[in-house]
Each structure stands twice: as C-alpha cells, then as structure tokens.
Amino acid sequence: MSIDREHGVTEAFVRLANGLVGEFDVIELLSGLTTECAELLDIASAGLLLADERGVLHVVAASSEATRLLEVFQLQREQGPCLDCFRSGQPVSVSSLEERRSTWPQFVEVATSAGFASVHAVPMRLQSNILGTLGLFGSRPGALADDDLELAQALAHVASIALVHGSALPDSAAIGARLSSTLRNRASLEQAKGLLSHVGALDMDQAFSVLRRYAREHSVPLSQVTDALVHRKLDARTVLANVAEIRGDKP
C-alpha cells in the first residue's frame, strides 16, 4: 500500500469513527464514504442504498450524479447487483457486466452506456439486520482486488455502526426509525441541489460541491443547510457565493 493510500484509509476510518463519539450529519458521513471509496479503491465511483422500515431500498449517497441516477434506475427496474446483495446479504462481484446481460438486461444496458464495465456490491449490516448495500462501479473490466474488497466491506461495517449509533437497542424498529430520518434528509438534499442547480446554472455534482463547501466553511451540518434552503430560510445566492471556483470559471 502506498503512503498516500495508507494516509487516505486512515483518514476515512478516523472520520467514520468520529461519528461514534458525538453528533454528526448522517448524509454528510455517507456521502463522504462514497467519495472515499471512489478515491481509495480501484473503481470509478460508488453509491449507497439504504432500506426503509418496510425493507424498500432508496439511494442515499453517491460519489457522482451519474452513479446516483444508475442506482435509481436499478431500483426502478428491480434488477442489479445491489439488489441481489441486499437480498442475499452477501457480497456480489462482477468483473464484466457483459457476462450478466442475460441476468440484468436493462441494468447492464444503462450501466455500460454510462461507461461502467464492472460492478461490485457489499452489504451494510448490523448483526442480523441488512441495512443496505454499498455499490462499487468500475470503468474497466476486472475483478476487484481482495484487499480493496475487504477495505470496502470494513468501511461499510463502520458506517453501519455509526448510522445507528445512539439507538438504545439495535432492534429493527430503532434502526428503521433512524434510517427513515436519514431518507427524509436525503430528499431535502435533492431539493436543495435542484434549487442551486437552477439558480446557479450548475450541474448536480457542482451543486452538491457548493453545498458541502458552504456547510464545512460555516461549521453547520449539511442537513441544516439543505433544510434552510428548501424552506427559504437561507438565500441560494448566499450559498452560491463561491460558485465560480466550483464551476472552474476563470476570474
């Protein structure tokens, strides 16, 4: 392992562990997890699905808008590696999407059109409860190295613990209530991204970068920023103050 990657892995676990010792923003934590997976593992992007109290999966975080849309499509068509992983509770590793065209015809068609050639998924679990899945998407065919797969699973395990931290007991009702709250925050995030995208003429990835930067620079939880925007307690133009740098405009 290179020094840079080792440092990145350490930072990722430290950030997740910090969620166990105090208040933290769940959406920010999970969004950071997908970004770190894309940076640390031999993949192009990552997406995270969580189940609500009825066991229905929802997209909660993704390292790119293209990945988020692919995860949404997977759920709509009810076919794909993350669904199989969630149902079985076991990792799914597909070195070549073309080999699964007969199994997931619609998913493979859309995934390959988006530039993906391989996919892997690991479960997020707490004891016997499967909370969701972490999907890992590669831009070229090939199996994910064992150490990368193990790292992804370890990150998912720590995130699962952080996600339900604070529940009196790790029972299904307590877990479901926490996940439902997380899903509501995600819906608010999508509305806030859409607002910034419209007002600032940004794509959705850029809008998310603006949101995260504003939250970090002002030391405010991401969910509070998104709620303030959605309920018009915060002006979108205030959040968009540094948009030129995010968009790459030259002064």
Side-chain angles (χ1 to χ4, degrees), residues 4-50 58-71 82 120-126 131-137 148-166 178-179 181-190 192-193 196 203-227 229 239 242 245-246:
D4 287 345
R5 185 169 190 261
E6 184 176 0
H7 179 67
V9 170
T10 300
E11 285 190 332
F13 277 106
V14 168
R15 189 181 65 83
L16 288 170
N18 284 339
L20 301 176
V21 296
E23 292 298 320
F24 65 98
D25 189 282
V26 173
I27 295 297
E28 174 68 18
L29 180 140
L30 297 179
S31 295
L33 172 64
T34 59
T35 299
E36 285 155 355
C37 283
E39 292 173 349
L40 297 172
L41 308 177
D42 186 23
I43 59 171
S45 63
L48 193 148
L49 308 179
L50 290 179
H58 301 265
V59 182
V60 173
S63 61
S64 71
E65 182 65 10
T67 303
R68 187 188 74 82
L69 293 174
L70 179 59
E71 293 280 40
C82 293
H120 317 276
V122 295
M124 293 186 67
R125 68 166 71 242
L126 188 67
L131 308 182
T133 63
L134 175 62
L136 312 170
F137 301 88
D148 273 8
L149 199 58
E150 290 173 1
L151 175 56
Q153 186 65 82
L155 289 168
H157 283 329
V158 178
S160 298
I161 295 170
L163 183 63
V164 298
H165 180 57
R178 184 62 181 271
L179 296 187
S181 174
T182 299
L183 294 172
R184 287 193 296 272
N185 288 340
R186 178 68 200 190
S188 179
L189 171 62
E190 289 305 312
K193 284 166 56 181
L196 291 182
D203 64 34
M204 296 294 272
D205 285 333
Q206 292 168 335
F208 186 47
S209 294
V210 170
L211 276 171
R212 293 185 76 184
R213 171 172 291 190
Y214 183 89
R216 290 172 177 175
E217 289 182 349
H218 292 78
S219 300
V220 178
L222 183 62
S223 58
Q224 287 187 22
V225 176
T226 60
D227 283 345
L229 278 169
V239 181
N242 295 326
E245 184 176 346
I246 291 290

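Atom set for the values below is all heavy atoms of this structure, side chains included, hydrogens, waters and symmetry mates excluded.
With Asp148 contributing its side chain and Leu41 its backbone, the two residues share no donor-acceptor pair below 3.5 Å. Judged by distance alone, with hydrogens and angles left aside, the side-chain atoms of Thr35 form a donor-acceptor pair with the main-chain N or O of Ser31 at under 3.5 Å. Judged purely by atom type and a 3.5 angstrom limit, Glu71 has no side-chain atom pairing as donor or acceptor with the backbone of Ala62. Not one N or O on the side chain of Glu217 forms a donor-acceptor pair closer than 3.5 Å with the backbone of Tyr214. When atom types are taken as modelled, the side chain of Thr34 and the backbone of Ala61 share no donor-acceptor pair closer than 3.5 angstrom.
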request  = Evaluate the side chain to side chain donor-acceptor pair (under 3.5 Å) criterion for residues Ser45 and Thr67: first the C-alpha distance (whole Å), next the side-chain angles of each, then the deciding distance (0.1 Å), finally the verdict.
outcome  = CA-CA 7 Å; Ser45 63; Thr67 303; 2.6 Å; yes

request  = Just do the side-chain contact (heavy atoms from CB on, under 4.5 Å) check on Leu50 and Val59 with the steps written out, would you?
outcome  = CA-CA 7 Å; Leu50 290 179; Val59 182; over 6 Å; no

ask   = Can you list the steps and then say if Leu229 with Val239 is a side-chain contact (heavy atoms from CB on, under 4.5 Å)?
value = CA-CA 9 Å; Leu229 278 169; Val239 181; 4.0 Å; yes

message = The test is side-chain contact (heavy atoms from CB on, under 4.5 Å); show your working for Ser223 and Ile27 and say whether it passes.
response = CA-CA 7 Å; Ser223 58; Ile27 295 297; 5.6 Å; no

key: Full working for side-chain contact (heavy atoms from CB on, under 4.5 Å) between Phe208 and Leu222   = CA-CA 10 Å; Phe208 186 47; Leu222 183 62; 4.0 Å; yes

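Taking each heavy atom of Cys37 and Leu134 in turn, the nearest pair found is SG-CD2, 3.8 Å.
One finds the CG atom of Leu131 at 5.0 Å from the OG atom of Ser160 (value rounded to the nearest 0.5 Å). Here the CD-CD distance, from Gln224 to Glu28, works out to 12.5 Å after rounding to the nearest 0.5 Å. Atoms NE2 and CG, on His120 and Leu149 in that order, are 7.5 Å from each other to the nearest 0.5 Å. Distance check: Leu196 CG to Thr226 OG1 gives 10.0 Å after rounding to the nearest 0.5 Å. Separating the CD atom in Glu36 from the CG atom in Leu151 is a distance of 10.0 Å, to the nearest 0.5 Å.
With sequence neighbours excluded, the residues satisfying salt bridge (Lys or Arg N to Asp or Glu O under 4.0 Å) with Glu190 are Arg68, Arg186, Lys193.
Side-chain contact check for Asp205 and Ser64: no donor-acceptor pair (N or O, by modelled atom type) lies under 3.5 Å.
Considering only heavy atoms from C-beta on, Leu211 comes within 4.5 Å of Val225 through its side chain.
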